[in-house]
J.: 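Shown below is the structure under consideration.
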Amino acid sequence: MVEIGGKPILWHIMKIYSFHDINEFVICCGYKGHIIKEYFANYCLYNSDVTFDMRKNSMEVHKNHTESWKVTLVDTGEGTMTGGRLKRVKDYVGDQTFCMTYGDGVSDIDVTAAIDYHKAQGTMATLTAVQQPGRFGAFNLSAEATKVSQFKEKPSGGEMPWINGGFFVLEPGVFDYIESDSTIWERDPLERLAEEGELSAYRHKGFWQPMDTLRDKHVLEELWQSGKAPWNVWHKMLSQTIN
């Protein structure tokens with residue numbers, strides 16, 4: 001819920017997906033999940049023109065400026081690990097291909113192209129490979145390869161050229177790789193998927209930036225305020241339409 005340009009980073013991530021016609025979201029709530037629920041509970045009210053008739057105890061909405069989102073908020077537990085959180089929303093995801101994304105980073109990734117790429121590979125999971133100074137899950141990826149042969153979460157020693165950017169396209173079968181709430185998605189599940197040839201990599205050479213530190217927040221805020229935020233793809237399309 002940390003804000004960039006007055007909007008939670010969660011909103012920015014959802015806008016990226018909405019630009020690619022993905023408007024149904026399942027949010028894994030944990031620590032202070034009630035704040036996220038309160039935000040969406042009041043979202044329409046805060047983004048609409050309304051009239052309150054005190055005598056009739058009624059409210060009339062005149063102009064609704066909200067997105068056409070369907071948002072399901074699931075309490076996945078405060079101490080649940082990343083894999084466990086994903087497993088807890090299995091019933092809400094259903095039996096179709098779905099996207100999974102961390103809530104602390106933005107990108108100008110072409111989500112539509114990533115989904116098409118995933119389906120063409122025929123694997124159970126596809127991660128987005130980005131190139132950044134390595135402190136995230138890293139792996140080897142040759143020039144011709146489309147699958148990840150070995151995955152290591154935050155490997156020690158040496159720099160790896162490609163890292164896990166946190167934007168995934170998944171098949172429901174990945175739930176079978178998650179044992180419990182204590183399962184960390186980036187460890188056993190991804191490592192096993194890689195070993196079994198079920199983890200593909202979609203190369204993204206554009207913008208990608210996590211928000212792990214205050215410095216990261218300042219970088220993103222400066223980009224947003226300057227009007228040069230690369231992940232603001234919905235604004236770019238609006239500008240092109242107007243022009």
J.: Any donor-acceptor pair under 3.5 Å linking the side chain of Lys70 with the backbone of Glu24?
T.: no
J.: Hey, is the main chain of Phe207 close enough, under 3.5 Å, to the side chain of Asp108 for a donor-acceptor pair?
T.: yes
J.: Would you indicate whether the side-chain heavy atoms of Val148 and Trp162 approach each other to under 4.5 Å?
T.: no
J.: Is there a donor in the side chain of Asp216 and an acceptor in the side chain of Gln209, or the other way round, less than 3.5 Å apart?
T.: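 Yes - a donor-acceptor pair under 3.5 Å links their side chains.
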J.: If you apply the rule side-chain contact (heavy atoms from CB on, under 4.5 Å), what do you find for Leu170 with Met124, and how did you get there?
T.: CA-CA 6 Å; Leu170 306 171; Met124 270 197 282; over 6 Å; no
J.: Do Glu198 and Val174 pass the side-chain contact (heavy atoms from CB on, under 4.5 Å) test, and can you show the C-alpha distance, the side-chain angles, and the key distance before you say yes or no?
T.: CA-CA 10 Å; Glu198 290 291 344; Val174 300; over 6 Å; no
J.: Mind listing the closest non-hydrogen atom pair of Pro230 and Leu223 along with its distance?
T.: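 Residues Pro230 and Leu223, closest heavy atoms: CD-CD1, 4.2 Å.
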J.: Any non-hydrogen side-chain atom of Arg88 less than 4.5 Å from a side-chain atom of Thr80?
T.: yes
J.: Just to verify, what does Tyr17 make a ring-ring contact (aromatic ring centres under 6.0 Å, His included) with, not counting sequence neighbours?
T.: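 Tyr17: no ring-ring contact (aromatic ring centres under 6.0 Å, His included) contacts found.
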J.: Should side-chain heavy atoms under 4.5 Å link Ile, Leu, Val, Met, Phe, Trp and Tyr, which residues sit in the same cluster as Val50?
T.: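 Its cluster mates, by chain and number, are Leu45, Tyr46, Phe52, Met54, Met59, Val61.
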J.: Can you establish whether the number of heavy atoms outside Asn42 located under 6.0 Å from its atom CG is more than 12?
T.: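 Correct, the count exceeds 12.
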J.: Are any of the side-chain heavy atoms of Tyr202 and Phe168 separated by less than 4.5 Å?
T.: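 Sidechains of Phe168 and Tyr202: no contact.
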J.: What's the spacing between Asp49 CG and Glu60 CD if we round to 0.5 Å?
T.: 11.0 Å
J.: Checking Lys15 side chain against Trp231 main chain: does a donor-acceptor pair fall under 3.5 Å?
T.: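 Checking the backbone N and O of Trp231 against the side chain of Lys15, no donor-acceptor pair under 3.5 Å is found.
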J.: What is the minimum heavy-atom distance between Pro189 and Ile178, and which atoms define it?
T.: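 Closest approach of Pro189 to Ile178: CG-CG1, 4.3 Å.
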J.: Ser180 and Ser182: which non-hydrogen atoms are nearest, and at how many Å?
T.: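 Between these two residues, the closest heavy atoms are OG-OG, 2.9 Å.
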J.: From Leu127 CG over to Asn164 CG, what is the distance, rounded to the nearest 0.5 angstrom?
T.: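 CG of Asn164 is found 5.5 Å from CG of Leu127.
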J.: When you compare the side chains of Ser18 and Asn23, does any donor N or O come within less than 3.5 Å of an acceptor on the partner?
T.: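 Looking only at side-chain atoms, Asn23 and Ser18 do form a donor-acceptor pair, the distance falling under 3.5 Å.
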J.: Mind running side-chain contact (heavy atoms from CB on, under 4.5 Å) on Thr72 and Phe25 for me, showing each step along the way?
T.: CA-CA 6 Å; Thr72 301; Phe25 301 94; over 6 Å; no
J.: Sequence neighbours left out, what passes ring-ring contact (aromatic ring centres under 6.0 Å, His included) with Tyr92? Give chain and number order.
T.: none
J.: Would you call Leu10 and Ile27 a side-chain contact if the rule is heavy atoms closer than 4.5 Å?
T.: yes
J.: With no hydrogens and no angle check, just 3.5 Å: does a side-chain donor-acceptor pair link His204 and Ser107?
T.: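 Side chains of His204 and Ser107: pair found under 3.5 Å.
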J.: Answer yes or no: is there a donor N or O on one side and an acceptor on the other, between the side chain of His12 and the main chain of Val106, under 3.5 Å?
T.: no
J.: Could you check whether Tyr102 and Glu186, counting side-chain N and O atoms only, form a donor-acceptor pair closer than 3.5 Å?
T.: yes
J.: In Å and rounded to the nearest 0.5 Å, what is the NE2 to CE distance from His218 to Met211?
T.: 10.5 Å
J.: Check whether any side-chain heavy atom of Val219 lies under 4.5 Å from a side-chain heavy atom of Arg215, and answer yes or no.
T.: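 A side-chain contact under 4.5 Å exists here.
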J.: May I ask you to check whether over 12 heavy atoms, not counting those of Glu179, lie within 6.0 Å of atom CD?
T.: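 Atom CD in Glu179 is not packed in, count stays at 12 or less.
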J.: Is there a side-chain contact between His62 and Thr51, using heavy atoms and a 4.5 Å cut-off?
T.: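 His62 reaches Thr51 side chain to side chain.
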J.: Heavy atoms, side chains only, cut-off 4.5 Å: are Phe98 and Val26 in contact?
T.: no
J.: Out of curiosity, Glu78 CD to Cys29 SG, how far, rounded to the nearest 0.5 Å?
T.: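 So the CD of Glu78 and the SG of Cys29 are separated by 11.0 Å.
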J.: Output yes when a side-chain donor or acceptor of Lys147 lies under 3.5 Å from a complementary backbone atom of Leu199, and no otherwise.
T.: no
J.: Please list all pairs passing the side-chain hydrogen bond (donor to acceptor under 3.5 Å, both in side chains) test where one or both residues lie in residues 26-41, with sequence neighbours left out.
T.: none
J.: Taking all heavy atoms of Ile9 and all of Gly103, pick out the closest pair and write down the distance.
T.: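 Result for this residue pair: CG2-O, 3.5 Å.
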J.: So Ile22 and Cys99, do their side chains get closer than 4.5 Å, heavy atoms only?
T.: yes
J.: Mind checking the OG1-CD1 spacing from Thr82 to Ile184? Nearest 0.5 Å is all I need.
T.: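 Here the interatomic distance stands at 6.0 Å.
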J.: Are Trp185 and Tyr177 an aromatic pair by the rule of ring centers under 6.0 Å?
T.: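 Ring-ring flag for Trp185/Tyr177: false, centres at least 6.0 Å apart.
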J.: Return the set of residues passing side chain to side chain donor-acceptor pair (under 3.5 Å) with Trp11 (not counting sequence neighbours), or none when no residue passes.
T.: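 Applying side chain to side chain donor-acceptor pair (under 3.5 Å) to Trp11 gives Tyr43.
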J.: I'd like to know whether CG of Asp53 has more than 12 heavy-atom contacts from other residues, nucleotides or ligands below 6.0 angstrom.
T.: yes
J.: Out of curiosity, Lys217 NZ to Asp104 CG, how far, rounded to the nearest 0.5 Å?
T.: 14.0 Å
J.: Return the minimal non-hydrogen interatomic distance between Cys28 and Arg85, and the atom names on each side.
T.: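 Reported closest heavy-atom pair: SG-O, 3.7 Å.
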J.: Can you tell me which residue pairs pass the side-chain hydrogen bond (donor to acceptor under 3.5 Å, both in side chains) test with a partner in residues 112-130, sequence neighbours excluded?
T.: His20-Thr112, His118-Thr126, His118-Glu171, Gln121-Thr146, Thr123-Ser200
J.: Of the non-hydrogen atoms in Asp176 and Arg192, which two are nearest, and what is the gap between them?
T.: O-NH1, 4.5 Å
